[in-house]
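One structure below.
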Amino acid sequence: MINIAILASGSGSNAERIITYFKNNKNINISFIITNKEDAYVRKRAELLQIPCLFFSNKQLKSNHFLLSVLQENHIDWIILAGYLLLIPPEIIQAYTNKIVNIHPALLPNYGGQGLYGMNVHKAVISNKETESGISIHYVNEKYDEGNIIFQAKCNITETDDAESLAEKIHLLEYEYFPKVIESLIFQ
Ligand code: GRF
């Protein structure tokens, strides 16, 4: 059995999609979600999906040893970041080399880095009058959004799009591809 931990700080719609996708998979188990936000909607989703959601403070999650021991004690094999806003401590990156995967809602290396997350990304893309955006699924290293890119998919931006409509297009791409890319990485 492959055990996955999902880390999420926000609404958790990608987390939900991943959990639903792997629900009947006999080889993949979503062990739990970890969040750093006490009021994140992902906690409600986890309750409805009957998946444990562990809440830890930023201080706990930034400490090398704390998070690593939670992951190792629970025999976690893969870590999936789905809208998770904290940096992953270096000790965990070393222990989980090429086993931590993030999704970013733009075509990296553009529109990445600290502060560029969620709607901030889409607002920047729209205000620069880009004609396309997309998703980037990448390995996680010690810097925000700089790990090797595994997969990208694009969408067009029309003149009538705004940050909200772009976010919807991006979410559709995320729901379509993120679980499949995770599955193919695990079984490659
Ligand atoms: C997604 O667009 C993801 O790419 C980004 O943050 C957003 C999280 O959305 N990292 P949700 O919490 O999965 O609904």
Side-chain angles (χ1 to χ4, degrees), residues 2-19 21-22 28-43 45-46 51-121 135-152 170 174 177-186 188:
I2 304 287
N3 292 320
I4 295 180
I6 300 177
L7 275 56
S9 304
S11 157
S13 66
N14 277 285
E16 176 168 353
R17 172 79 184 111
I18 294 164
I19 290 162
Y21 184 88
F22 289 118
I28 294 179
N29 170 48
I30 310 294
S31 301
F32 45 70
I33 299 171
I34 290 176
T35 188
N36 64 317
K37 289 267 189 254
E38 201 164 7
D39 59 350
Y41 189 67
V42 70
R43 296 185 82 183
R45 290 187 200 265
I51 295 279
C53 186
L54 317 178
F55 163 69
F56 300 120
S57 69
N58 286 359
K59 193 171 168 212
Q60 286 172 309
L61 291 169
K62 283 179 186 169
S63 105
N64 264 309
H65 193 66
F66 176 81
L67 181 54
L68 189 58
S69 55
V70 170
L71 297 168
Q72 289 182 333
E73 278 164 18
N74 289 283
H75 308 288
I76 296 299
D77 300 294
W78 287 79
I79 304 166
I80 303 299
L81 310 188
Y84 183 67
L85 298 181
L86 299 181
L87 269 184
I88 300 296
E91 199 181 302
I92 294 172
I93 291 176
Q94 275 159 27
Y96 284 89
T97 307
N98 288 346
K99 292 284 175 66
I100 314 175
V101 179
N102 181 43
I103 189 158
H104 185 77
L107 295 171
L108 292 172
N110 298 327
Y111 299 101
Q114 189 156 21
L116 280 169
Y117 60 87
M119 289 306 287
N120 294 349
V121 175
I135 59 169
S136 302
I137 297 171
H138 65 94
Y139 290 115
V140 172
N141 65 14
E142 42 305 297
K143 295 195 183 146
Y144 279 112
D145 303 325
E146 288 188 19
N148 288 342
I149 293 171
I150 300 160
F151 174 89
Q152 292 185 307
I170 296 287
E174 293 181 331
Y177 291 110
F178 200 18
K180 287 182 194 157
V181 170
I182 294 167
E183 188 173 34
S184 68
L185 284 174
I186 290 174
Q188 77 190 351

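What you see below is based on every heavy atom in this structure, not just the backbone, and it leaves out hydrogens, waters and symmetry mates.
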Taking side chain as C-beta onward, heavy atoms only, is I4 less than 4.5 Å from I186? yes
When rounded to the nearest 0.5 angstrom, what distance separates CG in L61 from CZ in F55? 8.5 Å
Under a 4.5 Å cut-off applied to non-hydrogen side-chain atoms, are T97 and Y139 in contact? no
With rounding to the nearest 0.5 Å, note down the distance linking CD in Q72 to OH in Y96. 5.5 Å
Side-chain touch I28/I182, heavy atoms, less than 4.5 angstrom: no
Mind checking whether Q114 and L87 have side chains closer than 4.5 Å, heavy atoms only? no
Would you call E146 and H138 a side-chain contact if the rule is heavy atoms closer than 4.5 Å? no
Is there a donor-acceptor contact under 3.5 Å from the side chain of N3 to the main chain of H75? yes
For the CG atom of N14 and the CG atom of L81, what is their distance to the nearest 0.5 Å? 11.5 Å
To the nearest 0.5 Å, atom CD of E91 lies from atom CD1 of I93 at 11.0 Å
Where do N102 and F178 come nearest, in terms of heavy atoms and distance? C-CZ, 4.3 Å
Spatial distance of atom CG (N141) from atom CG (N98) [nearest 0.5 Å]: 10.0 Å
Checking the side chain of H104 only, and the main-chain atoms of Y111 only, is there a donor and an acceptor separated by less than 3.5 Å? yes
Identify the residue among L54, I19, I80 that makes a side chain to side chain contact (heavy atoms under 4.5 Å, CB included) with I33. I19
Which heavy atom of L108 sits nearest to which heavy atom of S136, and what is that distance? N-OG, 2.9 Å
Exam field: side chain D145 to backbone G113, donor-acceptor pair closer than 3.5 Å: yes
Side-chain touch L86/N58, heavy atoms, less than 4.5 angstrom: yes
Hey, is the main chain of L116 close enough, under 3.5 Å, to the side chain of N120 for a donor-acceptor pair? no
If you look at every heavy atom in P105 and V121, which pair is closest and at what distance? O-CG1, 3.6 Å
Parallel, tilted or perpendicular for Y177 and F151, by the 30°/60° rule? tilted
Interatomic distance, N29 atom CG to W78 atom CH2 [nearest 0.5 angstrom]: 15.5 Å
Taking the side chain as every heavy atom from C-beta outward, state whether F22 and I2 have any pair of such atoms under 4.5 Å apart. no
Identify the heavy atoms of S9 and K37 that sit nearest to each other, and give their distance. O-CG, 3.3 Å
Hey, are the side chains of I88 and L7 touching, using non-hydrogen atoms and a 4.5 Å cut-off? yes
What closest approach, in Å, do Y21 and K180 show between heavy atoms, and which atom pair accounts for it? OH-CG, 3.6 Å
Side-chain donor-acceptor contact under 3.5 Å, R45 with S13: no
Heavy-atom pair with the smallest gap, counting every atom of A8 and A82: CB-O, 3.3 Å
